[in-house]
Novice: 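Questions regarding the structure given below will be posed in turn.
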Amino acid sequence: MALQMPVYRELTAIESKVFMGLSWRQLGAAVLLALVCGGGYAGLVFGLGMDYNAAMYLVFIPGVPIAAWGWMRPKGTQTRGVRRVRVAPLHPKGRSTCSTGPRAGPRPRETDREGTIDGKNKEKDHKARKRGQRLPRSVKQLIGYDSMLRNGIAYLGDDRWSATILFQDINYQLSQEEHQMEIIDRWAKLINSFDAGQSLQIAAYTRTRGMDEILRDVTMPDHGDGLDAFRRDYNSLVAGKLESASRNTSTVKTLTVTIREPDRETAVSTLNALCTSLTAQMRAIDECHATRLDRAQRLRLMAEILRPGEPFEFDERAFESMPGRPDTKDLVCPWSIDARDPARLDVESESSRFHHRTLWISGLPPELSDQLINDLTSIRAHVNVSIHLAPYDRGESMTIVRRKNAEIKMQVMETRRRNRKQGLDPDDLPDDLADQQAQLGELRDELSKTNQRLVNGMIVIGVSAESPERLDLACKTVKAKVNAQSCKAESLKFMQLEGLVAELPLGNNPLPMTRALTTNSAAILIPFTTQEVFEPRGLFYRSNARSGNPIVADRRAHMNSNGFILGTSGGGKSFTFKQEIAGLFLNRDDEIIIDPEREYLPLAQAFGGQIVRISAGSTSRINPLDVVLEETGDGDPVKEKTNNVVSMIGSLVGGTRDWTRWRRASWTGARCNCTSGSANRAPTPRPSPHSATCATCWRPPARPPGTSSPSRSARTRRAA
């Protein structure tokens, strides 16, 4: 059963009616309409003598945007005058300066050899932002960062810095409801640990994998040893199961933290401390493994998003020794981005071309479910989900809520006063006003009685496809998943470039739309779904019951390869074990099976294995004195075998407690010298020596002075 968390009404949508049913914004728009349209109409007609109809049409033009600002919620502005941008200049052969080869000419350097930010370039960027004249002239200027240090910290401009953490998934969807509530509570504490001025981006990047690519990692090649028929049967069975049950997707999940700090050293130290704290907090959530990404890993992730399918190569030493002014954006930027369609981007690179569309969730239900992110990441398509969270200060959160509550109270008092004048019930309030008053009261109580705070949230969904038709189909699937959770998804018209930047794991959100949430409401958007197990060249067990992806594991590659199979009677334990034994043997691993019930005898006969029967009446024996002289190791194999044999004899005769130290050591030394010497003197390999070999060279050692032999009664008691 899905967990749900209440979501309060958007605070910006709660507007008090201050005069004649108009809010402050609507009242300001009405005043502007009266001044601009009314004054302009009077000036045109009475001052210039223009025709009445012509003057009316002229003043109608500036009145439309003013009225739209007052009575309509803006959802974005048009893109900044650039419809198609390329990486310029292009070489005559069609190769762009994005390549890592020789460059046609110098360009501004963003980082020096130590990876620090160029102060002159930073100052120009700050001045351009203030003037609002920083128009992009190439694709590189559209990417949401200016430079990146070796440790993975990116400078986003405007004194903002970010670092990215990659974390693995945990089994949230398969847990009990009580454990799910515990995970959400810990995730809420992680979100609540951020201060005002810091922001958090939680991203999940889902990629589809071809069946051929998966089969290359799962199937077994032929060895020409007479067992290839079994390997082909195994490969056909695996291929059939994957085609019927596999979703063939992989999801990468990241957490990017952004801070605002003018000093570089302070920003680096702050981000290092934040990443260390976040890694420890993630470890406390069901042992979730989180690692911080350096520059090479972060660039690789962005290249997979912007240049899918293209090989990525980056070497720190080669990058620092490159002549001229190297730029990390050359490694991740596409060649061109066509933004002439207001609802779609056409991205093109050297060997890849795809269509991209960015959606955003514009409406949330009164109760938000924890299945929203799970449903979006389960779509079999190239889907990028990014959640941007910017927390308020607790004091500022209470101030905003109290101010809104005071405005609503004033409106309630005005409504009651008007009802009394009209002879109506003073408590007869409009439904919308009563609902706003109740929700603000609950929100104020929740913020004052708990350690929660307000968080500005924004959910962005990016969809990529190879053709416009497939893109439309994938977007319909995304909208259907969102609508199933009582949410509303819309396309970012005229803001696709900003939406693409908001998807990248940079922590940069240039979109103006936000949604105020509480900490618990933001925590219900939990990114955990189910843990995937896929180790290339491992054994295929079955498909994940939750995600549909194959479970491929290689126990040999781990530090501890032990395991057990637990199940009910008739649940398939023996079959599963036989399947694993067959897979390991066909991968050329030796197997030793102790089978008292003779259950695995047909399997050993089919694979041509050696069958050793050991029982009271069998002819096979186990020689405990067998020594493998060719065994590699630091110790002496003969001496180790001797110690084991002495311990075994001591256990058989009742323990070695009564054996004196001198007798045990002397017997062991004589035994080792005899066997080692005979083995070393042998010119050719010979069978391992046994006790009879020592009969001619071993003599009982002399007892130390003052000792006597044990009595007959002691020997009898020891034998008993």
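Sequential numbering from 1 along the given sequence is applied to the chain's residues.
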Novice: Using 0.5 Å steps for rounding, measure from the CZ atom of R353 to the OG atom of S336.
Specialist: 7.0 Å
Novice: If we ignore hydrogens and angles and just use 3.5 Å, is the side chain of Q485 paired with the main-chain N or O of S369 as donor and acceptor?
Specialist: no
Novice: Do K488 and W360 make a side-chain contact, defined as non-hydrogen atoms from C-beta onward lying under 4.5 Å apart?
Specialist: no
Novice: Hey, does the side chain of N508 reach the backbone of G144 with a donor-acceptor pair shorter than 3.5 angstrom?
Specialist: yes
Novice: Could you tell me the separation between the CD1 atom of I202 and the CZ atom of F167, rounded to the nearest 0.5 Å?
Specialist: 7.0 Å
Novice: If every non-hydrogen atom of Q201 is compared with every non-hydrogen atom of A502, which pair is closest and at what distance?
Specialist: NE2-O, 3.3 Å
Novice: Between L517 and L364, does a side-chain contact (heavy atoms from CB on, under 4.5 Å) hold up when you go through it step by step?
Specialist: CA-CA 10 Å; L517 303 169; L364 295 178; 3.9 Å; yes
Novice: What's the spacing between L525 CG and I387 CD1 if we round to 0.5 Å?
Specialist: 5.0 Å
Novice: What I want to find out is whether R357 reaches D472 closely enough, with some N-O distance under 4.0 Å, to be called a salt bridge.
Specialist: yes
Novice: Testing the basics here: between A303 and V332, what is the closest heavy-atom pair and its distance to 0.1 Å?
Specialist: N-CG1, 4.0 Å
Novice: Would you find more than 12 non-hydrogen atoms of other residues, nucleotides or ligands less than 6.0 Å from F312 atom CZ?
Specialist: yes
Novice: Would you mind reporting whether V478 and L376 have side-chain heavy atoms less than 4.5 Å apart?
Specialist: yes
Novice: Does R160 use its side chain to pair, donor to acceptor, with the backbone of G157 at less than 3.5 Å?
Specialist: yes
Novice: Any side-chain heavy-atom pair from T514 and N509 closer than 4.5 angstrom?
Specialist: no
Novice: Give a yes or no answer on whether the side chain of D327 reaches the backbone of K329 with a donor-acceptor pair at less than 3.5 Å.
Specialist: yes
Novice: Under 3.5 Å, is there a donor-acceptor pair between the side chain of Q496 and the main chain of L492?
Specialist: yes
Novice: Indicate whether the side chain of S162 and that of Y145 have a donor and an acceptor atom separated by less than 3.5 Å.
Specialist: no
Novice: Roughly how far, to the nearest 0.5 Å, is the SG atom of C275 from the CD1 atom of I165?
Specialist: 4.0 Å
Novice: Could you check whether the rings of F354 and H356 sit parallel, tilted or perpendicular, using 30° and 60° as the cut-offs?
Specialist: perpendicular
Novice: Between A489 and K479, which heavy-atom pair has the shortest distance, and what is it?
Specialist: O-CE, 4.0 Å
Novice: Would N384 and R207 count as a side-chain contact (heavy atoms from CB on, under 4.5 Å) here? Give the steps.
Specialist: CA-CA 9 Å; N384 307 326; R207 296 292 177 266; 3.0 Å; yes
Novice: Can you tell me how far apart CE (M282) and NE2 (H289) are? Round to the nearest 0.5 Å.
Specialist: 11.0 Å
Novice: Between F314 and F319, how do the two ring planes meet: parallel, tilted or perpendicular, split at 30° and 60°?
Specialist: tilted
Novice: Donor-acceptor pair, distance only, cut-off 3.5 Å: does the side chain of R260 make one with the backbone of G197?
Specialist: no
Novice: Go through it in stages, so that I can follow the logic: the residues are Q371 and Q173, the test is side-chain contact (heavy atoms from CB on, under 4.5 Å), and I'd like the CA-CA distance, side-chain angles, deciding distance and then a yes or no.
Specialist: CA-CA 9 Å; Q371 299 297 316; Q173 299 292 338; 3.0 Å; yes
Novice: Do D286 and N171 come within less than 4.5 Å of each other through their side chains, counting heavy atoms only?
Specialist: no
Novice: Whether the side chain of D375 engages the backbone of K481 through a donor-acceptor N/O pair (distance < 3.5 Å, no angle test) should be reported.
Specialist: no
Novice: Rounded to the nearest 0.5 Å, what separation is found between the OG1 atom of T328 and the CD1 atom of I143?
Specialist: 10.5 Å
Novice: With a 4.5 Å cut-off on side-chain heavy atoms, are T251 and D169 touching?
Specialist: no
Novice: Does E503 offer a backbone N or O that forms a donor-acceptor pair with the side chain of S386 under 3.5 Å?
Specialist: yes
Novice: Does atom CD of E466 have more than 12 heavy-atom neighbours from other groups under 6.0 Å away?
Specialist: no
Novice: Under the 3.5 angstrom rule, does the side chain of N192 hit a backbone N or O of A188 as a donor-acceptor pair?
Specialist: no
Novice: Between E304 (side chain) and L301 (backbone), is there a donor-acceptor pair under 3.5 Å?
Specialist: no
Novice: So do the side chains of N520 and Q452 get within less than 4.5 Å of each other, counting heavy atoms only?
Specialist: yes
Novice: Run the side chain to side chain donor-acceptor pair (under 3.5 Å) check on N374 and Y172 step by step: do they pass?
Specialist: CA-CA 10 Å; N374 177 47; Y172 170 79; over 6 Å; no
Novice: Where do A196 and R453 come nearest, in terms of heavy atoms and distance?
Specialist: N-NH1, 4.2 Å
Novice: Output, in order, the C-alpha distance, side-chain angles, deciding distance and verdict of side-chain contact (heavy atoms from CB on, under 4.5 Å) for R344 and D346.
Specialist: CA-CA 7 Å; R344 190 187 70 198; D346 297 334; 3.2 Å; yes
Novice: I'd like to check T256 versus L506 (side-chain heavy atoms, cut-off strictly below 4.5 Å). Are they in contact?
Specialist: no
Novice: Indicate yes or no: at least one non-hydrogen side-chain atom of R515 is less than 4.5 angstrom from one of V7.
Specialist: yes
Novice: So which atom in P505 and which in I305 form the shortest heavy-atom distance, rounded to 0.1 Å?
Specialist: CD-CD1, 3.9 Å
Novice: Taking all non-hydrogen atoms of both residues, which atom of N151 and which atom of R292 are closest, and how far apart?
Specialist: O-NH2, 3.5 Å
